[in-house]
Participant: 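Here it is, the structure, as structure tokens.
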Amino acid sequence: MHHQQASLFDTGETGLGDLAAVRRTPLSHGAWIDTLPGWLGGADDLFQDLADHVPWREERRRMYDNVVAVPRLLAHYDAGEPLPDPVLDEAREKLSAHYAAELGEPFVTAGLCYYRDGRDSVAWHGDRFGRGRTQDTMVAILSLGEPRALMLRPRDGHAATVRQPLGHGDLIVMGGSCQRTWDHAVPKTRAGVGGRISVQFRPRGVR
């Protein structure tokens with residue numbers, strides 16, 4: 001695994017900030033995003049630990065007549081499974097408590113994606129497997145490592161695309177109708193970026 005250069009913005013002290021500082025941006029169709037830069041201090045150390053020790057898997061999917069490698073590494077932790085670092089359990093608990101009144105249920109699963117360099121990506125999609133297809137829900141993403149752009153665009157094309165760079169402990173929460181009415185992607189980049197790991201916390205039945 002590649003070793004991560006420490007960020008000038010990372011204090012080196014692992015710890016989570018106050019979620020009261022999140023800033024909400026309304027989107028169209030009842031969708032919104034909450035953002036909090038640098039929510040997790042010491043995120044670069046956590047990035048390296050996860051990059052080295054998570055049991056990453058490479059998936060292959062059929063594309064037309066070919067079977068191709070998914071351009072990122074993946075790991076998934078179901079409800080009740082211990083997460084690979086205690087600070088991720090703490091992050092999930094804090095998110096569940098902060099959004100309890102609005103979401104009405106806890107975040108229970110964690111999906112991890114490892115973008116090894118600028119060639120790794122994820123195409124436009126929404127988390128619409130399960131209840132996210134028909135119900136408002138939330139997906140919270142904690143980003144570790146080098147910043148990559150998370151792009152969001154409305155499915156009907158009637159609003160501007162949003163570009164949100166995420167890395168070094170940044171948090172984004174996609175809420176309301178976001179998974180149903182908007183798509184998101186992490187595009188490839190020719191820039192010489194290092195690795196990024198996204199940790200996606202989801203409620204029951206949302207994928």
Participant: With rounding to the nearest 0.5 angstrom, report the CZ to CZ distance, Phe47 to Arg196.
Facilitator: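 Answer for the CZ-CZ pair, Phe47 versus Arg196, is 10.5 Å.
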Participant: Looking at SG of Cys113 and CG of Leu74, how far apart are the two atoms once the value is rounded to the nearest 0.5 Å?
Facilitator: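 CG of Leu74 is found 5.0 Å from SG of Cys113.
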Participant: Hey, does Leu36 have a side-chain heavy atom less than 4.5 Å from the side chain of Arg23?
Facilitator: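 SC-SC contact between Arg23 and Leu36 ruled out.
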Participant: Is a donor from one side chain sitting under 3.5 angstrom from an acceptor on the other, for Asp156 and His29?
Facilitator: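 Side chains of Asp156 and His29: pair found under 3.5 Å.
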Participant: Does a side-chain heavy-atom distance below 4.5 Å link Val139 with Val173?
Facilitator: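 No, too far: nothing below the 4.5 Å cut-off.
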Participant: Under 3.5 Å, is there a donor on one side chain and an acceptor on the other for Gln48 and Asp52?
Facilitator: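 Yes, side-chain donor-acceptor contact under 3.5 Å.
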Participant: Would you call Leu46 and Leu88 a side-chain contact if the rule is heavy atoms closer than 4.5 Å?
Facilitator: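 Leu46 reaches Leu88 side chain to side chain.
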Participant: Does any part of the side chain of Val22, heavy atoms only, come nearer than 4.5 Å to the side chain of Trp39, both counted from C-beta?
Facilitator: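 A side-chain contact under 4.5 Å is absent here.
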Participant: Sequence neighbours excluded, which residues qualify as salt bridge (charged side-chain N to carboxylate O under 4.0 Å, His left out) partners of Asp34?
Facilitator: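 Result, salt bridge (charged side-chain N to carboxylate O under 4.0 Å, His left out) vs Asp34: Arg24.
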Participant: Atom OG1 in Thr181, atom CG in Leu27: separation rounded to 0.5 Å?
Facilitator: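 Thr181 atom OG1 to Leu27 atom CG measures 8.0 Å (nearest 0.5 Å).
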Participant: Of the non-hydrogen atoms in Ile141 and Met174, which two are nearest, and what is the gap between them?
Facilitator: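 Closest heavy-atom pair between Ile141 and Met174: CD1-CE, 3.7 Å.
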Participant: Restricting to non-hydrogen atoms, name the atom on Phe201 and the atom on Phe107 that form the minimum distance, rounded to 0.1 Å.
Facilitator: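 In terms of heavy atoms, the two residues are closest at O-CD2, 3.4 Å.
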Participant: Side chains of Trp32 and Met138, heavy atoms from C-beta outward: is any pair under 4.5 Å?
Facilitator: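 Sidechains of Met138 and Trp32: in contact.
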Participant: Might you work through the side chain to side chain contact (heavy atoms under 4.5 Å, CB included) test for Leu40 and Leu144, ending with a clear yes or no?
Facilitator: CA-CA 9 Å; Leu40 175 65; Leu144 314 170; 3.8 Å; yes
Participant: Quick one: pull up CD in Glu81 and OG1 in Thr109 and give me the separation to the nearest 0.5 Å.
Facilitator: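 Result: 10.0 Å between the selected atoms.
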Participant: Considering all heavy atoms of both residues, which atom of Asp170 and which atom of Gly38 are nearest to each other, and what is their separation?
Facilitator: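 Heavy atoms only, the tightest pair is OD1-N, 2.7 Å.
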Participant: Regarding Asp120 and Arg148, does a basic nitrogen lie under 4.0 Å from an acidic carboxylate oxygen?
Facilitator: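 A salt bridge is absent here (no side-chain N lies under 4.0 Å from a carboxylate O).
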Participant: With rounding to the nearest 0.5 Å, note down the distance linking CG in Leu112 to OH in Tyr77.
Facilitator: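 So the CG of Leu112 and the OH of Tyr77 are separated by 6.0 Å.
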Participant: Would you compute the distance between atom OG of Ser96 and atom CG of Leu103 and round it to the nearest 0.5 angstrom?
Facilitator: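 With rounding to 0.5 Å, OG (Ser96) is 7.5 Å from CG (Leu103).
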Participant: Can you confirm whether Val108 sits close enough to Arg202 that some side-chain heavy atom of one is under 4.5 Å from a side-chain heavy atom of the other?
Facilitator: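 Counting from C-beta outward, Val108 and Arg202 never come under 4.5 Å.
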Participant: Would you be so kind as to tabulate the donor-acceptor pairs closer than 3.5 Å made by side chains of residues 185-194, with sequence neighbours excluded?
Facilitator:
{"unit_1": "Lys188", "atom_1": "NZ", "unit_2": "Arg119", "atom_2": "O", "d": "2.6"}
{"unit_1": "Lys188", "atom_1": "NZ", "unit_2": "Ser121", "atom_2": "OG", "d": "3.4"}
{"unit_1": "Thr189", "atom_1": "OG1", "unit_2": "Ala191", "atom_2": "N", "d": "3.1"}

Participant: Kindly indicate, with the supporting measurements, whether the criterion side chain to side chain contact (heavy atoms under 4.5 Å, CB included) is fulfilled by His184 and Asp127.
Facilitator: CA-CA 9 Å; His184 55 277; Asp127 293 3; 3.8 Å; yes
Participant: Using every non-hydrogen atom in the two residues, find where Leu19 and His98 come nearest and quote the distance to one decimal.
Facilitator: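 Closest approach of Leu19 to His98: O-CE1, 3.4 Å.
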Participant: Report yes or no: do Tyr114 and Val70 belong to one cluster of Ile/Leu/Val/Met/Phe/Trp/Tyr joined by side chain heavy-atom distances under 4.5 Å?
Facilitator: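 Per the 4.5 Å side-chain linkage, Tyr114 and Val70 are not co-clustered.
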Participant: Kindly indicate, with the supporting measurements, whether the criterion side chain to side chain contact (heavy atoms under 4.5 Å, CB included) is fulfilled by Leu95 and Leu171.
Facilitator: CA-CA 10 Å; Leu95 288 163; Leu171 173 71; 4.0 Å; yes
Participant: Under the side chain to side chain donor-acceptor pair (under 3.5 Å) test, which residues partner Ser28, sequence neighbours left out?
Facilitator: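 If we apply the side chain to side chain donor-acceptor pair (under 3.5 Å) test to Ser28, skipping adjacent residues, the hits are Trp182.
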Participant: Not counting sequence neighbours, which residues clear side chain to side chain donor-acceptor pair (under 3.5 Å) with Arg57? List them please.
Facilitator: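 With sequence neighbours excluded, Arg57 shows a side chain to side chain donor-acceptor pair (under 3.5 Å) to Glu59, given in chain and number order.
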Participant: Please find the pair of heavy atoms, one from Ser177 and one from Ala31, that lie closest to each other, and give the distance.
Facilitator: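 Minimum heavy-atom contact is OG-N, 3.3 Å.
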Participant: How does the hydrophobic cluster around Met151 look, that is, which other residues are in it when side-chain heavy atoms under 4.5 Å mark a link?
Facilitator: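 ILVMFWY cluster around Met151 also holds Trp124.
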Participant: Does one hydrophobic cluster hold both Leu152 and Val122, with members joined at side-chain heavy-atom distances below 4.5 Å?
Facilitator: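 Per the 4.5 Å side-chain linkage, Leu152 and Val122 are co-clustered.
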Participant: May I ask you to test the Trp56-Arg116 pair for a side-chain heavy-atom distance under 4.5 Å?
Facilitator: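 They are not in side-chain contact.
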Participant: Looking at every non-hydrogen atom in both residues, tell me the closest pair between Gly169 and Leu142 and how far apart they are.
Facilitator: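 In this case the closest contact between Gly169 and Leu142 is O-CD1, 3.6 Å.
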Participant: Decide side chain to side chain contact (heavy atoms under 4.5 Å, CB included) for Arg155 and Arg180; before the verdict, give the C-alpha distance in whole Å, the side-chain angles of both, and the deciding distance to 0.1 Å.
Facilitator: CA-CA 8 Å; Arg155 297 185 71 194; Arg180 292 185 291 112; 5.7 Å; no
Participant: Who passes side chain to side chain donor-acceptor pair (under 3.5 Å) against Asp78, sequence neighbours left out?
Facilitator: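 Expected list: His76.
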